[in-house]
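Here is the structure we will look at.
Quick caveat: nothing in here was measured; it's all calculated off a predicted structure.
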Amino acid sequence: FWLKRVKTLAFERSVLVVPLLLLHILPLSCACCLPASFCAASMAGFNDSILSASSRKPTGMKGKVHDLATTLQTQNEELGIEKGHMQTIKNENMNNTSGMQGQLNDIKHYFKADIQRMNEEFRVQLKLQEAENVRLQQQVTQLKGEKTSIHQQIIALQRRVEEIEEEIGHE
């Protein structure tokens, strides 16, 4: 019963045992059948002996075991704190990653739409260019036909000039 009321505090790797029993919170009589005055007096002596014993550092094997236990407890507490920090960092990283992934997806969709728009514009321009090429080819063919016709007319006129010159020259 009394051991439940003792709290162990770690302070700079030495252990202080501080009883939580204070005279103003003690019951008027303890669980044993001793008078309350005896219990209060004996508890005051108990408190003094615990405090004087706690100010001394245990030596020998018990002291080493006690120091190891304290060190282990401190390291376990620090490990728990660091695990909490790691979990927080992981959560923040996941949030940032999902945010960045969303931004990357947005950029991907933007570029995909932009490339599709440029492909459509290219196809339209390609069709316009093909139509213009056909029109120009038809004009070239027409001009070649006109050139051939004009050339034939020139040849016919040259023959006519030669005929006229022959008629004039014979007269």
Side-chain angles (χ1 to χ4, degrees), residues 1-27 31 43 46-47 50-158:
F1 173 74
W2 298 110
L3 291 177
K4 291 181 182 177
R5 299 227 177 208
V6 176
K7 183 176 183 181
T8 304
L9 299 174
F11 181 72
E12 295 184 29
R13 298 193 188 253
S14 65
V15 176
L16 299 175
V17 178
V18 180
L20 293 177
L21 299 174
L22 299 174
L23 292 178
H24 66 276
I25 61 170
L26 279 175
M43 287 310 297
F46 177 73
N47 286 341
I50 293 292
L51 287 175
S52 66
S54 67
S55 63
R56 294 181 289 164
K57 189 171 182 180
T59 59
M61 188 60 83
K62 283 186 179 180
K64 289 181 181 179
V65 168
H66 201 305
D67 286 344
L68 285 174
T70 304
T71 303
L72 182 61
Q73 181 181 1
T74 304
Q75 288 178 349
N76 279 338
E77 290 170 358
E78 290 173 359
L79 181 63
I81 291 169
E82 292 302 320
K83 282 183 179 179
H85 289 312
M86 289 301 294
Q87 189 62 36
T88 303
I89 291 170
K90 283 181 183 179
N91 291 339
E92 288 174 357
N93 189 24
M94 291 299 276
N95 291 339
N96 288 342
T97 302
S98 64
M100 282 191 257
Q101 190 63 39
Q103 289 176 349
L104 288 174
N105 287 339
D106 290 345
I107 292 170
K108 182 179 176 182
H109 291 302
Y110 171 77
F111 280 121
K112 197 175 206 179
D114 199 35
I115 288 172
Q116 187 175 4
R117 179 189 54 80
M118 287 190 296
N119 280 338
E120 289 298 320
E121 287 177 3
F122 178 77
R123 286 187 195 120
V124 168
Q125 288 297 324
L126 181 66
K127 288 180 181 179
L128 288 174
Q129 188 64 46
E130 286 174 346
E132 181 70 11
N133 288 350
V134 168
R135 185 183 68 80
L136 289 175
Q137 188 62 40
Q138 287 173 347
Q139 284 182 349
V140 167
T141 303
Q142 181 184 358
L143 289 173
K144 282 182 180 178
E146 289 176 5
K147 177 190 166 214
T148 303
S149 173
I150 291 172
H151 186 65
Q152 287 174 351
Q153 288 176 1
I154 289 173
I155 292 174
L157 287 175
Q158 283 175 346

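Here K64 contributes atom NZ and T71 contributes atom OG1; the two are 13.0 Å apart, rounded to the nearest 0.5 Å. Note that NE2 of H109 is 12.5 Å distant from CD of Q116, once rounded to the nearest 0.5 Å. To the nearest 0.5 angstrom, M86 atom CE is 8.5 Å from E82 atom CD. Taking NZ from K112 and NZ from K108, the interatomic distance works out to 6.0 Å, rounded to the nearest 0.5 Å. Taking CD of Q103 as the reference point, atom CG of N105 lies at 10.5 Å (rounded to 0.5 Å).
Atom CD of E132 has more than 12 neighbouring heavy atoms from other residues, nucleotides or ligands inside a 6.0 Å radius.
Partners of M118 by side-chain contact (heavy atoms from CB on, under 4.5 Å), not counting sequence neighbours, listed by chain and number: D114, I115. Remark: E120 pairs with R123 by the side chain to side chain donor-acceptor pair (under 3.5 Å) rule, at least two apart or across chains. With sequence neighbours left out, Q129 forms a side chain to side chain donor-acceptor pair (under 3.5 Å) with N133. Checked against side-chain contact (heavy atoms from CB on, under 4.5 Å), Q139 has the following partners two or more places apart in sequence or in another chain: R135, L136. In this structure Q158 satisfies the side chain to side chain donor-acceptor pair (under 3.5 Å) test with no other residue, sequence neighbours excluded. Residues forming a side-chain contact (heavy atoms from CB on, under 4.5 Å) with L143 (at least two apart in sequence, or on another chain): E146.
Counting only distance, with no hydrogens or angles, the side chain of T141 and the backbone of Q137 share a donor-acceptor pair below 3.5 Å.
The closest side-chain heavy-atom distance from N76 to L72 is below 4.5 Å. Using a 4.5 Å heavy-atom cutoff, the side chains of V134 and E130 are not in contact.
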